[in-house]
Amino acid sequence: MTRHIDEEKNLIVRHTKIELLEHWLIALSGLVLFVTGLFEMPFAKRYYISSVPGLGWSEDYIVTLNVHYAAAIVFVGTSLFHVIYHLARGDRGLIPRKGDFKASLQVIKSFFGAGEEPRFDKYLPEQRLAYIGMAFINFMLIMSGLVKTYKNLYAPDMSYGIVLTATWIHNIFFVLFFLAFLAHIGAIVIKPNRPLVRGIFTGKVRLDYARVRHPIWLEELEKGTKDG
Amino acid sequence: MNVSRRFFLKVFAGSAVASLAWSNVSNSAPIEGNLATLIDLSLCDGCVNLRLPACVQACREINKNRVPPVKEPIPEPWPRKTIEDWSKKKDVFDRLTPYNFLYIHRAELIVGGEKKTFFIPRRCMHCDNPACATICPFSANHKFKNGAVVIDEGLCFGGAKCRDVCPWNIPQRQSGVGIYLHILPSFMGNGVMYKCDLCHERLGKGKLPACIEICPRRAMIIGKRKEIEEMAERRRREMNGFIYGKVENGGTSTLYVSPVSFELLNKTMKKSPGKPDMVPGIKRRMEITDPLGKVVLFSPLVGAVVGIAAGWKRRKEEKND
């Protein structure tokens with residue numbers, strides 16, 4: 001068996017420490033970006049959020065922009081790290097494959113009792129699709145955010161067309177980010193996915209669960225063709 | 001007394017009342033480049049013989065149809081029920097309103113034991129890096145290459161963020177107009193923000209800003225930034241005076257020149273809605289976000305470099321395993 005499996009404790013390593021760190025840095029900084037992005041709208045004062053003790057800062061656009069920037073440093077830096085690090089390692093587990101869309105429909109049907117789930121690899125087909133979707137949303141937010149930051153610092157008189165494009169991309173993908181976040185959290189509500197939740201906190205999931213639901217992953221680990 | 005009819009004929013016929021800086025301006029070629037305006041307080045007499053100062057009247061005339069008819073009743077915003085309606089107070093001209101983008105502050109001072117009166121035209125300063133424009137969530141406010149900071153009334157939701165971040169709180173809101181009425185008027189937006197746009201459209205048609213064109217004493221002029229700065233400095237030296245707007249809020253494209261200090265002039269002002277003060281050396285508050293903003297621009301590179309190093313190290317470790 002591989003070093004990823006602990007038969008005694010009935011656990012298998014699903015995420016490395018680096019992957020956990022990447023996930024949580026992106027998730028938490030993303031949430032801070034979302035909240036401070038909302039506060040960049042004239043929102044906190046109107047809706048009395050800034051009247052809540054401890055949240056007085058939320059109506060100060062300069063303070064919220066600074067917090068937004070601080071979170072953006074983590075979000076952008078970690079996102080770039082993620083892409084480069086996994087490219088360098090040749091990780092392909094989360095890249096969508098041919099047939100993922102069809103397989104995802106089959107999985108969704110199975111949640112409603114229509115048919116059986118297919119045999120899974122480490123990641124579910126809809127996880128791979130969701131990953132690429134989220135990656136695209138983050139990419140658009142990062143690119144438009146960088147343009148806006150550059151404009152704030154160095155080029156307030158940048159072409160109005162570019163400014164408007166960046167702004168509206170940022171605003172539209174801000175909404176899509178929120179919807180994707182809801183869908184991501186919503187996936188936990190689905191009972192068969194729940195054993196995966198401990199994985200994103202501890203890095204490990206139950207081995208008996210993995211054997212039943214992710215047999216392809218286990219087979220490849222045991223053959224030694226895959227690294228975690 | 002009414003403003004002389006002759007002044008307005010000059011403005012609207014686009015006749016050749018030219019400033020010192022633009023004595024050879026053509027009536028059709030756009031006035032382009034990095035522009036600045038100079039307001040010489042030693043020349044402005046507030047047009048005291050007129051019912052309205054000529055610049056104020058010209059500005060009001062040019063912009064009289066700017067605010068569209070206001071929806072009645074104005075939808076009540078929720079949960080904070082703030083409505084700002086100037087549609088029934090259009091005649092107010094002694095402060096900034098959505099119908100009045102320029103007003104004259106009268107400052108009575110004792111200078112050298114002598115009572116003196118100064119008249120200070122107040123409007124948007126058209127800052128070099130205006131927070132009102134850069135952090136507008138919809139980019140409804142933008143700074144153009146010619147220096148004009150212009151609100152696109154078709155995009156503005158009237159959240160008044162621009163007014164909150166402006167050190168002089170210049171933009172003014174009219175509720176019950178604008179795009180927000182067509183979306184979620186009770187929950188999002190509250191009208192449109194209005195302010196001086198340096199007659200951006202007129203500049204594009206080769207015309208001077210109305211206030212500058214009409215000024216009978218040429219107390220206001222517009223020109224290339226560098227020339228205006230040199231002229232302001234020369235006049236300051238000649239009158240042993242002071243400049244306001246060069247460093248304030250990180251620099252602006254409006255330079256006031258005065259024979260008395262702006263500390264003294266500012267003491268005659270009490271900042272209140274629609275009436276900005278003139279604190280010398282006021283800082284650009286957004287400056288405190290610049291260091292982190294620069295790190296943001298640098299963060300993709302750092303992430304990528306660390307990613308390459310970590311990926312390479314991990315690969316090496318796996319090979320050794």
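In what follows, every chain begins at residue 1, and chains take the letters A, B, ... in the order their sequences are listed. These numbers were taken from a predicted model, which means no experiment stands behind them.
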Max heavy-atom pairs within cutoff under 4.5 Å with chain B, candidates A:Y150, A:F75, A:Y85, goes to A:Y85

Residue B:L155 versus chain A: region with a heavy atom under 4.5 Å
side chain

Is B:K294 close to chain A through its backbone or its side chain, or both, or neither, when contacts mean heavy atoms under 4.5 Å?
both

Any donor-acceptor pair under 3.5 Å from A:K122 side chain to A:R14 backbone
yes

Contact leader toward chain A among B:V306, B:I308, B:L297, B:V302, where contacts are heavy-atom pairs under 4.5 Å:
B:L297

Of the listed residues (B:F144, B:W312, B:F157, B:F187), which shares the most heavy-atom pairs with chain A below a 4.5 Å separation?
B:F187

In terms of heavy-atom proximity below 4.5 Å to chain B, should A:T64 be classed as side chain, backbone, both, or neither?
neither

Find the one option among B:S186, B:C127, B:A309 whose heavy-atom pairs under 4.5 Å with chain A are most numerous.
B:S186

Should the pair A:F39 and A:F43 be assigned to parallel (<30°), tilted (30 to 60°) or perpendicular (>60°) ring geometry?
tilted

Could you tell me which portion of B:R315 (side chain, backbone, both or neither) has an atom closer than 4.5 angstrom to a non-hydrogen atom of chain A?
side chain

In plain terms, say whether A:E219 and A:K223 are close enough for a salt bridge, that is, a side-chain N and a carboxylate O under 4.0 Å apart.
no

Tell me yes or no: between the side chains of A:Y123 and A:H214, is some donor less than 3.5 Å from an acceptor?
no

Heavy atoms only, distances under 4.5 angstrom: which of B:A160, B:G147, B:S299 has the most pairs with chain A? Name it, please.
B:S299

B:P77, part contacting chain A, at a heavy-atom distance under 4.5 Å
both

Any side-chain donor paired with an acceptor under 3.5 Å for B:K195 and B:N141?
no

How are the rings of A:H184 and A:H23 set to each other: parallel, tilted or perpendicular (split at 30° and 60°)?
tilted

Given A:N171, A:T149, A:L164, A:L153, the one with more heavy-atom pairs under 4.5 angstrom with chain B than any other is A:L153

Exactly one of B:K246, B:K143, B:R225 clears side chain to side chain donor-acceptor pair (under 3.5 Å) with B:D128, and that residue is B:R225

A:N66, part contacting chain B, at a heavy-atom distance under 4.5 Å
both

Contact winner vs chain A - B:T289, B:V295, B:N190, heavy-atom pairs under 4.5 Å:
B:T289

Inter-residue atom distance B:T254.OG1 - B:N249.CG, 0.5 Å rounding:
11.5 Å

Residue from B:D290, B:N146, B:V149 scoring the most non-hydrogen pairs under 4.5 Å with chain A is B:D290

Among the options A:V163, A:V74, A:V63, pick out the one with the most heavy-atom pairs lying under 4.5 Å from chain B.
A:V163

Reference residue B:D197; test side chain to side chain donor-acceptor pair (under 3.5 Å); the match among B:R66, B:R202, B:H126, B:R123:
B:R66

Parallel under 30°, tilted from 30 to 60°, perpendicular over 60°: which one fits the rings of A:H170 and A:H68?
perpendicular

